[in-house]
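Shown next, in C-alpha cells, is the structure this report addresses.
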Amino acid sequence: MAAAALQVVAYAAMSPAPPFPVLCVFSVVNGFGIALQDAQANTFIASIPRRASTNMGILHAVYGLGAFTSPFIATQFAQMQCWSFHFLVSMFIALLNTGTLLFAFRGKRQEFFIPEPSPRSAAGEPEVQHDTSTKYKKVLGHRAVQLMSAYILVYVGVEVTIGGWIFTYLLNERHGGPSAGYVSSGFFGGLTLGRVILLPLTKKLGYNLAVYIYLALTIALEFTIWFVPNLIGNAIAVSFVGLLLGPMYPISMNVATNILPPWYVIRPTNLLVMIQTVVSVFYRMLGGSIGFIAATGQAGSAIFPFATGALSNRFGVRVLEPLLVAMLFLQMIIWFFVTNLKVSRTE
C-alpha cells in the first residue's frame, strides 16, 4: 500500500508540469512504487498453490488491459495545451488502486492469506527466525535466479521499448500523424489477448517450445516492420507482435516456480514435519526469488528504452527495429540456457 501511495504522490506532483528535473525525480518515485507492486504481485500469485498458470495469465492480462487503455487517454491529452493534466487521470487510478489494496489486504502480510506451514510448531518446538541475509544471498547467488532475471530484464525491455517508441518510429519513418499513437494501444491490446487466448495453445505446446515459436514469429514480424514501409501494415504487425509477446511473462514466472530449487537441508525424524518444512521453506525462498526476478524486469523497462533514446538521438529513430531484433535474439539465447538448466532438488 505504501508503494501505491507513492504513485499518488508522484502523479500529483507531475500534473502541474513542473520543471524537467523535478519531473525526472518524481518519475523515479513513481517507478519505485510500480516496481515494488510488480514484485509483490508476482510473488503473491506465484505463492498460491492452485491454478498457477491461469492465475499468472490473469494477472498479466489485467496489466495488459491497463496498458491498452492508457494510450487512448494520453493521445487525447497530447493534442491539448495542458498536456500534463493526463497525470491527474493516472493519479485518480492510483488512488483507486490504493483503496482497493487497503480493502483487499487490510494491511496484513502475505502469510495471513497464504499460510506457510510452521514445521517446528507442528512438532511442539519453538519457531526460529531465518537469517534474512543468508536467504537473499542464496537467492541472488543461484544460477536459476540469475538466468531468469536476465531473461525478464530483456523481455520487459523489449515490451516497454516497443510500447514507448513505436509511435515515434511510425511518426518519423512512416510519416504517420498523431493518430499513430493508437498503435501503442493495438500493441498492448494484442498483449492482453495473447495472455488469455494463447493459454490453451501454450499448454498444448509446452512452455519451452511455445516461447521458441512465439519468439521466432515475433522476429519475423519485426523484420516486416523494418523493411516494409507501409503504415497500416506496420500497425497490424505491431498488434500481432503484442499478441505473441503476451504469454511470455506469465510463462517465465510459471517456469521459474519449476526450476527454482526449494533450498532445504532437512534431517527430521518425523515424516509430517519433513513435508511441512519443505513446503514452508520452498514458499519463503520462492517468494524472494520471484520478487527479485520481477524487480529486475523493471530495470529492463528503464535501461532499454533509455538506450534506444540515446541511439536515436545520434542515429535517428530508424535504429529501433534492428535494436529490437537484436534484443529478441538475445532473449531466445537466454531462454535456451534457461531450458537447459539442470537444478538439483537438494540445493
Side-chain angles (χ1 to χ4, degrees), residues 38-61 63-64 138-159 191 194-219 243-263 278-279 281-301 327-347:
D38 184 54
Q40 290 167 343
N42 280 285
T43 300
F44 185 84
I45 295 298
S47 299
I48 297 174
R50 302 179 306 277
R51 302 169 59 214
S53 59
T54 303
N55 292 337
M56 195 65 73
I58 292 171
L59 171 68
H60 292 285
Y63 160 82
K138 287 183 177 180
V139 167
L140 300 179
H142 200 276
R143 185 168 175 79
V145 176
Q146 293 167 354
L147 282 173
M148 287 305 304
S149 297
Y151 175 81
I152 289 296
L153 179 83
V154 179
Y155 167 80
V156 177
V158 169
E159 178 189 309
L191 202 78
R195 288 170 177 175
V196 177
I197 66 174
L198 290 182
L199 190 60
L201 178 61
T202 300
K203 289 183 177 179
K204 187 174 182 179
L205 292 172
Y207 290 149
N208 295 351
L209 179 60
V211 170
Y212 283 122
I213 292 174
Y214 296 158
L215 279 174
L217 292 174
T218 301
I219 290 169
L243 184 76
L244 294 167
L245 286 177
M248 291 187 193
Y249 196 106
I251 286 174
S252 62
M253 288 299 170
N254 288 321
V255 168
T257 62
N258 293 326
I259 67 172
L260 294 172
W263 287 283
V278 171
V279 174
V281 176
F282 174 73
Y283 281 113
R284 275 196 294 269
M285 300 307 296
L286 175 66
S289 301
I290 294 294
F292 178 75
I293 292 168
T296 305
Q298 294 303 311
S301 71
M327 290 162 65
L328 288 165
F329 272 116
L330 177 60
Q331 191 178 331
M332 188 179 285
I333 291 169
I334 298 172
W335 187 251
F336 171 79
F337 287 106
V338 168
T339 55
N340 285 275
L341 188 66
K342 290 182 172 59
V343 178
S344 170
R345 303 310 293 176
T346 58
E347 287 187 63

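Scope of the values below: all heavy atoms of this structure, side chains included, with no hydrogens, waters or symmetry mates.
In this structure, Leu245 and Leu328 have side chains that are in contact, with non-hydrogen atoms separated by less than 4.5 Å. Counting heavy atoms from C-beta outward, Tyr214 and Leu243 have side chains that stay 4.5 Å or more apart.
Tyr207 and Thr202 make their closest contact through CD2-CG2, 3.7 Å (heavy atoms, listed as atom of the first residue, atom of the second, distance). Ser149 and Val145 make their closest contact through OG-O, 2.7 Å (heavy atoms, listed as atom of the first residue, atom of the second, distance). Listed here is the closest heavy atom pair of Val154 and Gln331: CG1-CB, 4.0 Å. Contact record, Ala150 with Ile334: O-CD1, 3.8 Å, taken as the closest heavy-atom pair. Minimum interatomic distance between Gly194 and Pro247 (heavy atoms only, all atoms of both residues): O-CG, 3.4 Å. Residues Thr218 and Met248 come closest through the heavy atom pair OG1-CE, 4.4 Å.
The distance from the CD1 atom of Ile213 to the CG atom of Leu244 is 10.5 Å, given to the nearest 0.5 Å. In this structure, CG on Asn208 lies 11.5 Å from CZ on Phe336, to the nearest 0.5 angstrom. Expressed to the nearest 0.5 Å, how far CZ of Arg143 lies from CZ of Phe337 amounts to 7.5 Å.
Crowding of Tyr212 atom OH: a count of heavy atoms from other residues, nucleotides or ligands under 6.0 Å exceeding 12.
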**OP:** Show your reasoning for whether side chain to side chain contact (heavy atoms under 4.5 Å, CB included) applies to Met332 and Ile219.
**Re:** CA-CA 10 Å; Met332 188 179 285; Ile219 290 169; 4.1 Å; yes
**OP:** Begin with the C-alpha distance, continue with both residues' side-chain angles, and end with the deciding distance and a verdict on side chain to side chain contact (heavy atoms under 4.5 Å, CB included) for Met148 and Thr296.
**Re:** CA-CA 9 Å; Met148 287 305 304; Thr296 305; over 6 Å; no
Original post:
Under the side chain to side chain contact (heavy atoms under 4.5 Å, CB included) criterion, do Ile152 and Ile293 qualify, and how do the steps go?
Top reply: CA-CA 7 Å; Ile152 289 296; Ile293 292 168; 3.5 Å; yes
Subject >> Residues Tyr151, Val255; criterion side chain to side chain contact (heavy atoms under 4.5 Å, CB included); working and verdict >> reply: CA-CA 12 Å; Tyr151 175 81; Val255 168; over 6 Å; no
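The side chain to side chain donor-acceptor pair (under 3.5 Å) check on Tyr155 picks up Glu159, Arg195, with sequence neighbours excluded.
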